[in-house]
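First the structure, in the form of structure tokens, and then the observations on it.
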Amino acid sequence: MGLKGFVEGGIASIVAGASTHPLDLIKVRMQLQGESHVPNPSVQVYRPALAMNSTAGNVSISQVVSQPRVGPISMGARIIQSEGVAALFSGVSATILRQTLYSTTRMGLYDILKNKWTDKESRNLPLASKIAAGLIAGGVGAAVGNPADVAMVRMQADGRLPIDQRRNYKSVIDALGQMTKQEGVGSLWRGSALTVNRAMIVTASQLATYDQIKEMILEKGVMSDGIGTHVTASFAAGFVASVASNPIDVIKTRVMNMKVAPGAVPPYSGALDCALKTVRAEGPMALYKGFIPTISRQGPFTVVLFVTLEQVRKLLKDF
């Protein structure tokens, strides 16, 4: 019974991840907009309307560079124009590996905990227990899948760098190999604390919201247990997960993508340092960079995930 949950969740997650990968790539590129250490670390890049201070550190007003934000449609068009349509699927092999490791683990473990904690007589599971199951499952899944997550972020972000600075990973296996060789095994778990925190929030909000809303719809007789119910609950789950996780996602993306030369000081010393530098240089709303593509991706991803999951469960119900 436990293994079945892993298989069902893994299949649904891989289908959802691969089909929404271009939206995830656009989200990552938007989250990296405005980083002050790329390409010149001495120049802070500000969005004047949201900048907290007119100066930061030793940076003077004359050094401030205004850089307009690019929306998701413009970002997608820019990627296609400069890198080709295939660039929208940069890092898709890492996405598939990430879903295989991370999502398969979190979905299967959540299913096990949910079944274990559900009252055998009433068949009810309190919302608090669903959230707890999501927090545990998400944390374990993220720890398992972090290497693929780092590789995915880097492969998605590579096209925004000057040609001579690109990493040019050929595949997720090549990425993991180069990272281990050049930066050590520890680089595979760079940003792992952020990944775990984000995954706990996403899994708890996404899976618990889906189950709770689905149960409410069925209990009140609003709709029957079909595609309509699954899609409605999925959209709600995707929205809640996007709002809750976007700030951590921005910081995670920047920490994972930072390039550290041997012997050089890293642009960010950790998650808190990244958050403070981001807010100081770009304003508090910088933590919601990429929110439109996040919700645009999280919505379809969650719908595809749960609709596929429900169908896979029907196919495998006799096994």
Side-chain angles (χ1 to χ4, degrees), residues 21-22 24-47 56-57 59 63-70 74-95 98 146-191 194 249-271 273-274 277-278 281-282 286 289-290 293:
H21 182 81
D24 194 46
L25 183 141
I26 291 172
K27 177 204 72 176
V28 167
R29 295 289 183 91
M30 290 184 69
Q31 289 174 338
L32 292 171
Q33 288 186 97
E35 276 195 296
S36 57
H37 61 85
V38 180
N40 185 353
S42 66
V43 178
Q44 295 286 338
V45 181
Y46 288 87
R47 288 172 51 210
V59 182
Q63 290 176 298
V64 175
V65 178
S66 178
Q67 187 175 15
R69 290 184 68 184
V70 177
S74 298
M75 180 64 76
R78 178 180 293 182
I79 292 170
I80 293 173
Q81 184 177 16
S82 61
E83 303 169 50
V85 176
L88 293 175
F89 285 90
S90 297
V92 70
S93 61
T95 290
R98 176 178 180 268
N146 198 81
D149 208 355
V150 177
M152 181 186 72
V153 167
R154 291 187 174 197
M155 292 173 76
Q156 289 176 333
D158 212 34
R160 68 187 284 273
L161 298 172
I163 294 177
D164 60 334
Q165 295 182 25
R166 293 180 185 176
R167 297 180 172 100
N168 295 316
Y169 299 139
K170 298 180 180 65
S171 66
V172 64
I173 302 301
D174 180 51
L176 297 176
Q178 287 197 43
M179 286 163 58
T180 302
K181 185 186 300 183
Q182 297 171 6
E183 304 171 56
V185 176
S187 66
L188 301 180
W189 274 270
R190 178 175 291 164
L194 287 165
D249 202 28
V250 171
I251 298 169
K252 176 183 76 75
T253 294
R254 293 189 171 195
V255 170
M256 286 183 168
N257 186 60
M258 67 178 177
K259 207 165 188 176
V260 184
V265 177
Y268 308 120
S269 61
D273 182 53
C274 178
K277 286 180 177 176
T278 297
E282 303 164 59
K289 278 188 174 182

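FYI, the numbering just counts along the sequence from 1. As a basis for the values below, the full set of heavy atoms in this structure was taken, side chains included, without hydrogen atoms, waters or symmetry mates. Note that the coordinates shown come from a computational prediction; the quantities given were computed from them, not determined experimentally.
To the nearest 0.5 angstrom, Asn257 atom CG is 10.5 Å from Lys252 atom NZ. A distance of 3.5 Å separates CG of Asp249 from NZ of Lys27, quoted to the nearest 0.5 Å. From Thr278, atom OG1 reaches atom CG of Asp273 across 9.0 Å, with rounding to the nearest 0.5 Å. Once rounded to the nearest 0.5 Å, the distance linking NZ of Lys289 with CZ of Arg29 reads 14.5 Å.
Of all non-hydrogen atoms in Ala87 and Ile79, the two that sit nearest each other are CB-CG2, 3.8 Å. Ile80 and Val85 make their closest contact through CG2-CG2, 3.9 Å (heavy atoms, listed as atom of the first residue, atom of the second, distance). Closest of all the heavy-atom pairs between Gly76 and Ile26 is CA-CD1, 3.9 Å. Cys274 and Val255 make their closest contact through CB-CG2, 3.9 Å (heavy atoms, listed as atom of the first residue, atom of the second, distance).
Sorted by first and then second residue, the side-chain hydrogen bond (donor to acceptor under 3.5 Å, both in side chains) pairs involving residues 171-182 (not counting sequence neighbours) are Asp174-Gln178, Gln178-Gln182.
Checking side-chain atoms of Ser93 against main-chain N and O of Val172 turns up a donor-acceptor pair under 3.5 Å. A donor-acceptor distance shorter than 3.5 angstrom exists from the side chain of Arg160 to the backbone of Leu32, with no hydrogens or angles considered. Within the 3.5 Å criterion, the main-chain N or O of Leu161 finds a donor-acceptor partner in the side chain of Arg166.
With respect to the salt-bridge test (charged N to carboxylate O, under 4.0 angstrom), the residues Glu282 and Arg254 qualify.
Met258 is listed as a side-chain neighbour of Arg190, based on a closest heavy-atom distance under 4.5 Å. Side-chain contact between Ser90 and Leu25 is present, with heavy atoms from C-beta onward closer than 4.5 Å.
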Donor-acceptor pairs under 3.5 angstrom involving side-chain atoms of residues 152-159: please list them, not counting sequence neighbours.
| residue | atom | partner | partner atom | Å |
| --- | --- | --- | --- | --- |
| Arg154 | NE | Met256 | O | 3.3 |
| Arg154 | NH1 | Tyr169 | OH | 3.2 |
| Arg154 | NH1 | Glu183 | OE2 | 2.7 |
| Arg154 | NH2 | Glu183 | OE1 | 3.0 |
| Gln156 | NE2 | Asp24 | OD2 | 3.3 |
| Asp158 | OD1 | Arg167 | N | 2.8 |
| Asp158 | OD2 | Arg167 | N | 3.2 |
| Asp158 | OD2 | Asn168 | N | 2.8 |

